[in-house]
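Have a look at the structure below before the remarks.
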Amino acid sequence: MAMMDLLNILMGRKSPAERLYGQLNTKEYQKRPFETNELGEEMSVVNEVIDQYWKPRYLLDHRERKAYEFMNPQERLVTVTPNDIDWDSLADLSDSDKRFARELNFHFPSFVRKFENGVAEVDWQLNPDGRYYMDEDGFGMTDDEEVNIYGFIDRTGRVLVKFRTIQDYNELDEMRKEAEGKALLATQD
């Protein structure tokens, strides 16, 4: 436990994560442009409509009664740093895709998946396929290919397994096992 958390407990004050949890459980966050979706294991995500898409803004830990900002209003990841990316796996990606990763840009459709054993997969789209740019009449489509990277987070949004490209979806099973092992070790500290 951090020293500030201990002092807050001793003095009867709520931590920033506890205050955010209380704020996100008010009526203001129960209607558009917000929605709350259950992720399992007493976890939820508060999505916000940004540029006509639902975006994962906050993680809510109902067990601990704490919340964490995952993505800011400018669509930049808050709990992720450039050190949380396996840059070697991105070597073959375009400069534009690498720039989006370096900027922690979460603009394109991306998701926090279900929590299992204390961890959740995050699918981060660095570039959408060409249909993303198509209008309702079918015009504007490009020949872009979808580019995704994947990582795993804990209940606070902390990255347990670095974001990287995958060649086969079976790699996600190995990444999950690694994340679950790290999460288990963290609970034993």
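Counting begins at 1 with the first residue of the sequence.
The CG atom of Leu77 sits 10.5 Å away from the CD atom of Glu69 when rounded to the nearest 0.5 Å. Atom CE of residue Met71 and atom NE2 of residue His107 lie 10.5 Å apart, to the nearest 0.5 angstrom. Rounding to the nearest 0.5 Å places CG of Asn72 at 10.5 Å from CD of Glu48. Atoms CG and CZ, from Asp84 and Arg158 in turn, are 9.5 Å apart once rounded to the nearest 0.5 Å. The distance from atom CZ of Phe100 to atom CG of Leu90, rounded to the nearest 0.5 Å, is 13.5 Å. Note that CE of Met43 and CD of Glu116 are 13.5 Å apart. Values are rounded to the nearest 0.5 Å.
You'll find the side chain of Ser44 stays beyond 4.5 Å of the side chain of Asn37, heavy atoms only. For the pair Glu103 and Arg99, the minimum side-chain heavy-atom distance is below 4.5 Å. The closest side-chain heavy-atom distance from Leu160 to Glu178 is not below 4.5 Å. Val45 is not listed as a side-chain neighbour of Thr36, based on a closest heavy-atom distance of 4.5 Å or more. Two residues are said to be in side-chain contact when any heavy atoms from C-beta on lie closer than 4.5 Å; Leu172 and Glu121 meet this criterion. Counting heavy atoms from C-beta on, the side chains of Leu104 and Ile85 come closer than 4.5 Å. Looking only at side-chain heavy atoms (C-beta outward), Asn148 and Ile166 stay at 4.5 Å or farther from each other. Two residues are said to be in side-chain contact when any heavy atoms from C-beta on lie closer than 4.5 Å; Leu60 and Asn25 meet this criterion.
Annotation: Tyr150 is not in aromatic contact with Trp124 [ring centroid separation under 6.0 Å not met]. Taking the six-membered ring for Trp and the full ring otherwise, Tyr53 and Phe108 have centroids separated by 6.0 Å or more.
One hydrophobic cluster holds both Ile50 and Phe70 under the rule that ILVMFWY side chains link at heavy-atom gaps under 4.5 Å. Under the 4.5 Å side-chain heavy-atom criterion for ILVMFWY residues, a single connected hydrophobic cluster contains both Tyr169 and Val161. Under the 4.5 Å side-chain heavy-atom criterion for ILVMFWY residues, a single connected hydrophobic cluster contains both Leu39 and Ile153. Follow the hydrophobic side-chain contacts under 4.5 Å out from Val122 and you reach Val80 in the same cluster.
Of all non-hydrogen atoms in Leu126 and Asp97, the two that sit nearest each other are CD1-O, 3.7 Å. In terms of heavy-atom proximity, Gly40 sits nearest to Phe115 at O-CB, 3.8 Å. Here the shortest heavy-atom pairing between Gln30 and Leu24 reads NE2-O, 3.4 Å. Heavy atoms only, all atoms of each residue included: Phe152 and Ala179 are closest at CB-CB, 3.5 Å. When all heavy atoms of Trp54 and Phe34 are compared, the pair lying nearest together is CZ3-C, 3.7 Å. Scanning both residues, Ala183 and Val119, for their nearest heavy atoms gives CB-CG1, 3.7 Å.
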Notebook entry, point to check: After noting the C-alpha distance and the side-chain angles of Lys55 and Glu75, does the key distance pass the salt bridge (charged side-chain N to carboxylate O under 4.0 Å, His left out) rule?
Noted result: CA-CA 8 Å; Lys55 302 294 179 101; Glu75 302 177 286; 2.4 Å; yes
Note to self: Please determine whether side chain to side chain contact (heavy atoms under 4.5 Å, CB included) holds for the pair Asn117 and Glu180, giving the CA-CA distance in whole Å, both sets of side-chain angles, and the decisive distance to 0.1 Å.
What the structure shows: CA-CA 6 Å; Asn117 299 318; Glu180 289 173 356; 3.1 Å; yes
Next item on the list: Using the side-chain hydrogen bond (donor to acceptor under 3.5 Å, both in side chains) rule, take Ser110 and Gln125 through it: C-alpha gap first, then chi angles, then the decisive distance, then the call.
Entry: CA-CA 5 Å; Ser110 300; Gln125 190 172 100; over 6 Å; no
Note to self: Let's go through Asp92 and Thr165 carefully: what are the C-alpha distance in whole Å and the side-chain angles of both, what is the deciding distance for side chain to side chain contact (heavy atoms under 4.5 Å, CB included) to 0.1 Å, and is it a yes or a no?
What the structure shows: CA-CA 10 Å; Asp92 293 335; Thr165 59; over 6 Å; no
Next item on the list: Start with the C-alpha distance between Lys31 and Lys27, add both sets of side-chain angles, then the distance that settles side chain to side chain contact (heavy atoms under 4.5 Å, CB included), and finish with yes or no.
Entry: CA-CA 7 Å; Lys31 59 185 181 201; Lys27 287 184 179 182; 5.7 Å; no
Check: For Trp87 and Lys162, what are the C-alpha separation, side-chain angles and deciding distance, and is it a side chain to side chain contact (heavy atoms under 4.5 Å, CB included)?
Finding: CA-CA 9 Å; Trp87 292 103; Lys162 290 184 177 192; over 6 Å; no
Note to self: Quick one, Lys66 with Glu18, criterion salt bridge (charged side-chain N to carboxylate O under 4.0 Å, His left out). Give me CA distance, side-chain angles, the key distance, then yes/no.
What the structure shows: CA-CA 5 Å; Lys66 293 182 178 181; Glu18 290 169 318; 5.3 Å; no
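Looking at Glu35, its side chain never comes within 3.5 Å of a backbone N or O of Asn47 through a donor-acceptor pair. A donor-acceptor pair under 3.5 Å is absent between the side-chain atoms of Ser89 and the main chain of Arg164, judged by distance alone. Of the possible donor and acceptor atoms, one in the side chain of Lys114 sits under 3.5 Å from a partner among the backbone N and O of Glu38.
Classification of Glu174 and Lys177 as a salt-bridged pair holds, one side-chain N sitting under 4.0 Å from a carboxylate O. We find that Arg155 and Asp61 are joined by a salt bridge, their nearest charged nitrogen and carboxylate oxygen being less than 4.0 Å apart.
Taking the six-membered ring where tryptophan is involved, the planes of Tyr29 and Tyr58 are perpendicular, since the angle between them exceeds 60° and thus also 30°.
When His62, Lys14, Glu64 are each tested for a side-chain hydrogen bond (donor to acceptor under 3.5 Å, both in side chains) with Tyr21, only one passes: His62.
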